[in-house]
Amino acid sequence: MENRRGSFAPPLHMQARFVCSSPGLKGCPQPTLPEHAFIGRSNVGKSSLINMLTQRKGLAKTSATPGKTRLINHFVVDENWFLADLPGYGYAKVSKSMRETWPALIRNYLMQRKNLLNTFVLIDIRLEPQPIDLGFIRWLGTHQLPFALVFTKSDKLSKGKVKESIDRYSRTLLREWEELPPAFVSSAQTGAGRSELLQFIVEANKIF
């Protein structure tokens with residue numbers, strides 16, 4: 001599993017604006033544009049990654065409190081594709097009833113959103129493969145939903161440790177998967193992975 005590379009030059013400035021927050025699929029924008037969703041365990045660095053990707057500091061709200069994203073937040077990028085910021089799965093310091101609504105919210109969105117081209121599953125590169133991440137990846141595969149992995153916080157490890165972590169994850173996935181999903185190594189601090197992610201999105205949008 002390797003970080004995708006290419007000669008694609010991402011724009012330095014992008015237009016990205018908030019569209020709406022939705023408690024469910026029915027509240028999402030009309031599916032008139034290609035859409036890409038971002039999801040991961042609470043505190044994986046999702047908001048920071050979105051802000052780095054769009055070069056819009058503060059577009060997605062970051063917080064030291066896990067579970068801040070409790071709705072589906074939609075943004076439109078350059079007026080030609082939607083970015084969906086999904087609630088984190090796993091532990092979050094919110095009410096039990098609120099946590100219990102997330103699986104249905106996420107499941108219904110991912111299975112029924114007609115214009116969704118890909119779901120980016122964020123993984124903290126510093127951690128051993130977590131059962132909750134592996135379980136979510138397995139669920140996506142079972143339902144044949146297209147996804148890619150994004151390893152976050154790569155600036156926290158040396159290059160050697162990054163490779164070790166990616167190799168470990170690859171070995172773990174290959175126990176169940178015949179082929180590895182697309183994967184990207186990123187850092188919201190250094191901007192690593194931005195070009196590769198945007199190139200992937202641009203290419204995917206061509207099929208919409």
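In this structure, Val76 belongs to a hydrophobic cluster whose other members, linked by side-chain heavy atoms under 4.5 Å apart, are Val19, Leu33, Phe82.
Contact check for Ser186 versus Thr152: side-chain heavy atoms found under the 4.5 Å cut-off. Contact of the Val121 side chain with the Tyr89 side chain is registered, since non-hydrogen atoms from C-beta on lie closer than 4.5 Å. Residues Asn115 and Thr32 are not in side-chain contact: their nearest non-hydrogen atoms beyond the backbone lie 4.5 Å or more apart. Between Val44 and Ile39 the shortest side-chain heavy-atom distance does not fall below 4.5 Å. Here the side chains of Leu173 and Pro129 are not in contact, with every heavy-atom distance at 4.5 Å or above. In this structure the side chain of Leu53 reaches within 4.5 angstrom of the side chain of Ile201, judged on heavy atoms. The closest side-chain heavy-atom distance from Leu49 to Phe120 is not below 4.5 Å.
Residue Leu86 holds its CG atom at 7.5 Å from CG of Leu105, rounded to the nearest 0.5 Å. In this structure, CG in Leu149 is found 11.5 Å from OG1 in Thr119, a value given to the nearest 0.5 Å. Taken to the nearest 0.5 Å, the NZ atom of Lys163 stands 14.0 Å off from the CG atom of Leu157. One finds the CG atom of Leu174 at 12.5 Å from the OH atom of Tyr169 (value rounded to the nearest 0.5 Å). Lys153 contributes atom NZ, which lies 12.0 Å from atom CD1 of Ile123 (distance to the nearest 0.5 angstrom). Taking OG of Ser48 as the start and NZ of Lys57 as the end, the distance is 10.5 Å to the nearest 0.5 Å.
Every residue meeting the salt bridge (Lys or Arg N to Asp or Glu O under 4.0 Å) condition with Glu79, not counting sequence neighbours, appears here in chain and number order: Arg17. For Lys161, the salt bridge (Lys or Arg N to Asp or Glu O under 4.0 Å) partners two or more places apart in sequence, or in a different chain, are Glu164. In this structure Lys206 satisfies the salt bridge (Lys or Arg N to Asp or Glu O under 4.0 Å) test together with Glu203, sequence neighbours excluded.
Following chains of ILVMFWY side-chain contacts shorter than 4.5 Å, one cannot reach Leu117 starting from Val202, and the two form parts of different hydrophobic clusters. Hydrophobic clustering places Leu180 together with Phe151 (ILVMFWY residues linked when any side-chain heavy atoms are closer than 4.5 Å, directly or through intermediates). Leu134 and Leu127 fall into different hydrophobic clusters, where Ile, Leu, Val, Met, Phe, Trp and Tyr side chains are chained together by heavy-atom contacts under 4.5 Å. Residues Phe208 and Leu110 do not share a hydrophobic cluster, defined by chaining ILVMFWY side chains whose heavy atoms lie under 4.5 Å apart.
Among residues at least two apart or in separate chains, there is no salt bridge (Lys or Arg N to Asp or Glu O under 4.0 Å) pair with a member in residues 18-30.
Minimum interatomic distance between Phe184 and Glu196 (heavy atoms only, all atoms of both residues): CE2-O, 3.5 Å. The minimum heavy-atom distance between Phe75 and Ala60, with the atom names listed, is CZ-CA, 4.3 Å. Of all the heavy atoms in Ala204 and His36, the pair that sits closest is CB-CE1, 3.8 Å. Minimum interatomic distance between Leu83 and Trp81 (heavy atoms only, all atoms of both residues): CB-CZ3, 3.7 Å. Residues Asn205 and Pro34 share a closest heavy-atom pair of OD1-CB, 3.4 Å. In this structure, Cys28 and Arg113 approach most closely via the heavy-atom pair CB-NH1, 3.5 Å.
Side-chain atoms of Arg41 and Asn43 include no donor-acceptor pair closer than 3.5 Å.
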Under the side-chain contact (heavy atoms from CB on, under 4.5 Å) criterion, do Asn73 and Ser21 qualify, and how do the steps go? CA-CA 4 Å; Asn73 293 319; Ser21 292; 2.4 Å; yes
Trace of the side-chain contact (heavy atoms from CB on, under 4.5 Å) decision for Phe18 with Asp85: CA-CA 11 Å; Phe18 173 75; Asp85 180 5; over 6 Å; no
Verdict with reasoning, Arg56 to Asn51, per side-chain contact (heavy atoms from CB on, under 4.5 Å): CA-CA 5 Å; Arg56 289 289 305 277; Asn51 293 339; 5.5 Å; no
Carefully, step by step, assess Gln130 and Asp124 under the rule side-chain contact (heavy atoms from CB on, under 4.5 Å). CA-CA 10 Å; Gln130 301 293 300; Asp124 189 331; over 6 Å; no
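Under a 3.5 Å cut-off, the side chain of Gln55 and the backbone N or O of Met52 do form a donor-acceptor pair.
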All N/O donor-acceptor pairs, side-chain side in residues 139-147, below 3.5 Å, sequence neighbours left out:
residue, atom, partner, partner atom, Å
Trp139, NE1, His143, NE2, 3.1
Thr142, OG1, Arg138, O, 2.9

